S.K.: 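Shown below is the structure under consideration.
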Amino acid sequence: MDVSHILDPLNDAQREAVTAAMGTRLVLAGAGSGKTRVLVHRIAWLIQVENVPPWSLLAVTFTNKAAREMRTRIEEMLGHPVGGMWVGTFHGLTHRFLRAHWQDAGLPQHFQILDGDDQFRLIKRILKALELDESNWPPRQVQSFINKQKDEGLRPDHVDAAGDRYLTQMVAVYREYEAARTRGGLLDFADLLLCAHELLRERADILHHYRERFRHVLVDEFQDTNAIQYAWLRLLVGPNDNLFAVGDDDQSIYGWRGARVENIQSLQRHFPGSQVVRLEQNYRSTGTILKAANALIARNPGRLGKNLWTADGEGEPIRRYAAFNEVDEARFVVERIRKYSTEEGYRRAECAILYRTTAQSRLFEEALMNAQVPFRVYGGLRFFERAEVRDALAYLRLLNNPDDDGAFERVINTPTRGIGERTLDLLRERARGSAVSLWQAAQDLIAAGALGPRGTATLVHFVDLIRNAQAATRDLDLAETATHVIEAAALADFYMKAKDGKGEDRVENLGQFVETAGRFRQEVEDDEADPLGAFLSHAALEAGEAQADPFSDAVQLMTLHSAKGLEFPNVFLVGLEEGLFPHSMSAQDPARLEEERRLCYVGMTRAMHRLYVTHAESRRLYGKESYPQPSRFLREVPPELMEEVRGRGVSRPAAARAPVPAAAGVMGGGDTGGFHLGQRVTHPKFGEGVVLNSEGRGAQARIQVNFQGVGSKWLVLAYARLEPAG
DNA sequence: CATGAATTCGTTTTT
DNA sequence: CGAATTCATG
């Protein structure tokens, strides 16, 4: 077998990983070191050289996009489609597994998936039923509690709430949630893994079968795995010991949603024969960018250790720009982008603006709009998340299973058909009282004549609508069914009449929805027994692309989180200010601060040729002016790698120079002697600076001032001869 | 039951 | 400041 096509494009470390003998391998793949390439080539190596049959391979990723990319690249490399191999996301694969083993897992045959939004609504309904006040029990908090437990593999019975009133109540809600979820024949995202794990754990025969089959398990982005995902992997791999995990502890940025970097260390403990390969040669960035990123991330303790290097040149210095305010920051960035795209021949799509929080995008959107520069913002609503699409989906769900309370609640009055809160409350009460679905309760109340003429009529109308649609679509395919239901419910009319001006868009999306359903039907095996059920799962597991035309040449705007895995010739990392980045919510906890630093590392390593870091000296935040210090991350980059960009000689706007006085002593908690935070002051020895903080009162009062060129100092107010800067 | 006013509350997000 | 959600009123 000629293996040159597999090995020739690889460097030594990559080759070592790809050709490794059987056994568990941990590939620590630095940013831009060819991680996907290694995964793809490893699979090609196993199939073509080690003669591993494709059906004994399982490759798992986090996102559908990554899964698609991996499959495409494998098939390109092999020159033909690979049948039998399982490539997908954790959720996609476990879903497939549970669909095959619904009976063993004790699930209804046509169980459906509860997505995040449905889950949230269900929790709200439960809180209401339990008469818990939402201000004391915020649904978001309850939701994250439940998901956290599940991500740790804990069912309600496993949570030890002894003696803790708060926990006890949370667990009670969790239990009630589980009951409602089970009644509806639903699994949430975490359940997919939890149930798959439990089934493998409890059924030796099934476990044996899958271990025999999947002799090779490969995982991408291993540092992002949570407890249950890792437990599932371990169980599946078992004594085969053929786990090929690729990850980078320095790019772990999802700790807040349950990811455990520690899994990387655990892997080496749990698989004692495992070997580590480091990929440190970077093919993306200039030497300067890598040096800066290395220096930054070196501040984090407890790393596995990795130093990126490049065979290419140093490149340009990192450019740092101190903007007067957030508007100036946006103006500056847009001006540079214009310059690069007009004078230097870069495409606009080769410029990315990366920010910490989504709220920051607006300023850049405005500035780009003013400058008439096309742009694309990532992370908006995706196709299956649009209200009109979710409405149409809810109708399909109701056809599929009328006892789906979530779907019922969503469309009972969409379009408005005169069923209000009071009728709905009666329904809910009845449903809860007799432990039946809302659908069943509706029939019962109609039969009992318990509703009054108006309520009865509207409810009968709705029940008939669903029943008739069920009957009428029995022999129709997916797209025809969707069309029928949209017609029958008069959804298009409803959106057109809504005066939010989005009617046209919405109706167009409905059309696209029908098309999507049609296309799905074609892609799915013809022998799919339950195309509607499969389509609904697909909609839940894959929310689709976030609109926008990926081919247009537009500046890319996104959060640092969504930038992971991408690269751009010109990167603008904006808002590098204390409080914003690192975010104030993470400032207290060292672990979270380290994650912020990794986020910064991820951002910097997205840049190929040029990296800009910007911060504003004054920023309007929540309607108030703030005067943030430059981010500590700026100080953690060696100064010799950076070059300050001066403004174009525009004079500082008066607003930034002389902020509106705030009440003395309020913000810093101390006595400021008439100065206020953010005020510019002069000191006979240290020169000009900005008031940052204060503490103490009277003779003890101290004030912190950040002096230009000197740094920040705490001064005793009584002795410091401070004067307002003129 | 729909509409505008009042109020609240501000990370990161995939499946 | 602005969105998103709740509240009071035709």
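Per chain, numbering begins at 1; letters A, B, ... match sequence-line order. The shown structure was predicted, so the numbers you read here are calculated from the model rather than taken from an experiment.
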S.K.: If each of His583(A) and Asn413(A) is mapped to the nucleotide of DNA chain B with the nearest heavy atom, which maps nearer the 5' terminus, i.e. the 5' end?
M.R.: Asn413(A)

S.K.: Is the gap between the ring centers of Trp86(A) and Phe214(A) under 6.0 Å?
M.R.: yes

S.K.: Which whole-number value in Å describes the distance from Lys65(A) NZ to dT15(B) P?
M.R.: 10 Å

S.K.: What string of B, S and - do you get for nucleotides 1-10 of chain C 5' to 3' if you count protein non-hydrogen atoms under 4.0 Å?
M.R.: BS---S----

S.K.: Starting from P on dT13(B), measure out to CH2 on Trp256(A) and report it in whole angstrom.
M.R.: 6 Å

S.K.: What nucleotide, of dT14(B), dT12(B), dA2(B), holds the atom closest to the side chain of Thr357(A)?
M.R.: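 Per side-chain heavy atoms of Thr357(A), the pick is dT12(B).
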
S.K.: Rounded off to whole Å, could you give me the CG-to-P distance for the Asp220(A) and dT14(B) pair?
M.R.: 16 Å

S.K.: Do Tyr210(A) and His101(A) have ring centroids that are under 6.0 Å from one another?
M.R.: yes

S.K.: Could you state the NZ-C1' distance from Lys148(A) to dT13(B), rounded to the nearest angstrom?
M.R.: 14 Å

S.K.: Does Phe462(A) have its ring centroid less than 6.0 Å away from the ring centroid of Phe408(A)?
M.R.: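 Ring centroids of Phe462(A) and Phe408(A) are less than 6.0 Å from each other.
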
S.K.: Hey, is the side chain of Asn64(A) poking within less than 4.0 Å of OP1 or OP2 on dT15(B), counting only N and O atoms?
M.R.: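 Yes, within the criterion.
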
S.K.: Which of these, Thr225(A), Asp224(A), Leu192(A), sits in a side-chain contact (heavy atoms from CB on, under 4.5 Å) with Phe90(A)?
M.R.: Thr225(A)

S.K.: Measuring only the C1' atom in each nucleotide, how far is dT14(B) from dA3(C)? A whole number of Å is fine.
M.R.: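 Roughly 23 Å separates the two C1' atoms.
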
S.K.: Would you tell me if any nitrogen or oxygen in the side chain of Ser562(A) comes within less than 4.0 Å of OP1 or OP2 on dT12(B)?
M.R.: no

S.K.: Rounded to whole Å, how long is the line connecting atom CG of Leu354(A) with atom C1' of dT12(B)?
M.R.: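 In whole Å, dT12(B) C1' lies 14 Å from Leu354(A) CG.
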
S.K.: Under 3.5 Å, side chain of Glu594(A) to main-chain N/O of Ile297(A), donor-acceptor pair present?
M.R.: no

S.K.: Under the salt bridge (charged side-chain N to carboxylate O under 4.0 Å, His left out) test, which residues partner Glu366(A), sequence neighbours left out?
M.R.: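 Per chain and number, Glu366(A) pairs via salt bridge (charged side-chain N to carboxylate O under 4.0 Å, His left out) with Arg362(A).
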
S.K.: With respect to the side chain of Thr416(A), which nucleotide from dT13(B), dT15(B), dA2(B) is positioned closest?
M.R.: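 Among dT13(B), dT15(B), dA2(B), the one nearest the side chain of Thr416(A) is dA2(B).
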
S.K.: Does the Arg619(A) side chain pair with the main chain of Pro628(A), one donor and one acceptor, at a distance under 3.5 Å?
M.R.: no

S.K.: Rounding to a whole Å, what distance do you find between Arg356(A):CZ and dG10(B):P?
M.R.: 15 Å

S.K.: Can you run down the salt bridge (charged side-chain N to carboxylate O under 4.0 Å, His left out) pairs that involve residues 59-73 of chain A, sequence neighbours left out, and say none if there aren't any?
M.R.: Arg68(A)-Glu542(A), Arg68(A)-Glu545(A), Glu69(A)-Arg73(A), Arg71(A)-Glu75(A)

S.K.: Taking atom P of dT12(B) as reference, at what distance in whole Å does atom OH of Tyr378(A) sit?
M.R.: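 Rounded to the whole Å, the gap is 19 Å.
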
S.K.: Check every strand shown and say whether Glu596(A) touches a base, only sugar-phosphate, or nothing at a heavy-atom separation below 4.0 Å.
M.R.: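 The answer is base, as Glu596(A) lies within the cut-off (heavy atoms under 4.0 Å) of a base atom.
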
S.K.: Distance between the P atoms of dT13(B) and dA4(C), in whole angstroms?
M.R.: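 Between the two P atoms, the distance is 15 Å.
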
S.K.: Both Thr423(A) and Ala190(A) contact DNA chain B. Taking the nearest nucleotide for each, which residue is further toward the 5' end?
M.R.: Thr423(A)

S.K.: Check the distance between dT14(B)'s C1' and Glu385(A)'s CD and give it to me in whole angstrom.
M.R.: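 In whole Å, dT14(B) C1' lies 10 Å from Glu385(A) CD.
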
S.K.: For dT12(B), does OP1 or OP2 lie under 4.0 Å from any side-chain N or O of Ser586(A)?
M.R.: no

